[in-house]
Amino acid sequence: MMDWTDRHCRYLHRLLCREALLYTEMVTAPALVRGGALHLLDYNPEEHPVALQLGGSDPAELAAAARLGADAGYDEINLNCGCPSDRVQSGHFGAVLMETPGLVADCVAALRAAVDVEVTVKCRIGVDEQDPEAVLPEFLARISAAGCSRVIIHARKAWLQGLSPRENRDIPPLDYDLVMRMKGLFPGMHISVNGGIDTLEQARGFLDAGLDGVMIGRAAYHNPADILCTADCDIYGHDHTTTPEDAVRAMLPYIEAHLSAGGRLHQITRHMLGLFAGRPGARSWRRSLSEAGAQTGAGPELVAAALGAIPPLEPGLRAG
Ligand SMILES: Cc1cc2nc3c(=O)[nH]c(=O)nc-3n(C[C@H](O)[C@H](O)[C@H](O)COP(=O)(O)O)c2cc1C
């Protein structure tokens, strides 16, 4: 998610959950290939498994960007066919690509030929006046034939005119049934659903109903403890849970290293604000972190002090 799932956010989320696949913000192929902005590929090895999401629509340029991503060690290359922003549309990538499944298939084939890691697509169910019942199966058939065996479907349309990107994440109605039907039509394809899922119970329900995966965006960001701390156990079946307290403690050396390298505290702590959401002390935690982030010279000791002010969970209650 642009501006949200940067490497600091992903490092934190990995501390909270070992198994979940993490995605980068969308990185545009032109920025990497023509702009040489290779710093956009920076990540910490602890983040694995981590997927690089690319934006673009020129098969050769996407292939070159994917090669850079694979060389950098990303575990998956994901093509964005879901972003509705004007800037992205004018570059003819993102959700507007739902209108040109043949071009998307060419992009997938080029990506497939360029890298050995998995090539996946994130899409909408359609855009504007398209009939999702007709276009989504066609879209999936084309990308599948081109070598994409895993897709993440944001279960709502994008309206390319008239709605802001934010409105496009809430206003077009969700159609989970359509995504379920796609699993019936394409049983060999790994299909994940995305959009409006904000509890692990809901995610479990989709998996139990036959879907292969669930992508959670905003809820995981705003309320990481609820979504991530018990996912290893409740979704992946491992004997492992973690707590936000553990994650904060593990972030302290990471923060120290970032500050020593010339980084700013706020760049990390802004992703930690929601760690205690819903718990006593959440508000003072957010306030302390926001104040510390704005202060020059503030470091991990302020984060540790803010953690010390969080009342412990009652015994028997699981974080998250
Ligand atoms: C701030 C923000 C930035 C986003 N950036 C991206 C992006 O770069 N690539 C992408 O595929 N989706 C992006 N999205 C959309 C989310 O991935 C997701 O599809 C959408 O929020 C619906 O899922 P959710 O209800 O679980 O959040 C973004 C969403 C938000 C809130």
Side-chain angles (χ1 to χ4, degrees), residues 1-10 13 17 20-32 37 40-41 43 50-57 62 65 69 74 76-89 91 93-98 104 107 119-127 143 148 150-160 163-176 179 191-206 211 213-224 226-228 231 235 270-271 273-274 277:
M1 293 184 284
M2 300 295 288
D3 197 39
W4 286 14
T5 58
D6 63 17
R7 62 201 176 96
H8 306 308
C9 171
R10 298 192 305 263
H13 285 190
C17 178
L21 176 58
L22 302 176
Y23 283 79
T24 66
E25 306 165 89
M26 179 178 67
V27 177
T28 72
L32 290 176
L40 297 174
L41 297 176
Y43 70 97
V50 58
L52 170 66
Q53 185 182 67
L54 292 176
S57 61
L62 278 168
Y74 282 94
E76 168 187 328
I77 303 295
N78 175 266
L79 178 63
N80 184 321
C81 298
C83 180
S85 93
D86 286 348
R87 203 164 47 85
V88 165
Q89 277 179 60
F93 49 86
V96 71
L97 285 171
M98 296 301 298
V104 177
C107 294
V119 171
T120 65
V121 168
K122 177 158 181 272
C123 66
R124 296 275 182 149
I125 60 173
V127 293
I143 62 170
C148 167
R150 185 147 65 79
V151 64
I152 303 117
I153 306 174
H154 183 175
R156 52 164 66 89
K157 271 186 169 182
W159 288 94
L160 300 177
L163 290 187
S164 69
R166 191 192 183 120
E167 289 169 329
N168 259 312
R169 293 194 283 265
D170 283 317
I171 292 179
L174 287 160
D175 189 347
Y176 295 134
V179 178
I191 298 186
S192 298
V193 63
N194 166 246
I197 298 157
D198 49 21
T199 65
L200 283 189
E201 291 70 36
Q202 232 182 319
R204 181 80 264 161
F206 284 113
L211 284 183
V214 176
M215 175 185 267
I216 302 184
R218 287 166 292 185
Y221 187 83
H222 290 307
N223 203 345
D226 272 0
I227 300 296
L228 292 165
I235 299 293
R270 73 191 192 94
H271 302 301
L273 299 176

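Note that this is a predicted model, so its numbers are computed, not measured. Both ligands and their constituent atoms are indexed starting at 1 by order of listing.
For N168, the side chain to side chain donor-acceptor pair (under 3.5 Å) criterion is met by no residue, not counting sequence neighbours. Every residue two or more places apart in sequence or in another chain was checked for a side chain to side chain donor-acceptor pair (under 3.5 Å) with D175, and none qualifies. Looking at residues two or more places apart in sequence or on another chain, you find no salt bridge (charged side-chain N to carboxylate O under 4.0 Å, His left out) involving E25.
With R124 contributing its side chain and H154 its backbone, the two residues share no donor-acceptor pair below 3.5 Å. Looking only at distances, a side-chain donor or acceptor of R218 sits under 3.5 Å from a matching main-chain atom of R169.
Within 4.0 Å of ligand 1, protein heavy atoms come from M1, M2, W4, M26, Q53, N80, K122, H154, R169, N194, G195, G196, I216, G217, R218.
The aromatic rings of W4 and H222 sit perpendicular, their planes meeting at an angle over 60°, well past the 30° parallel limit.
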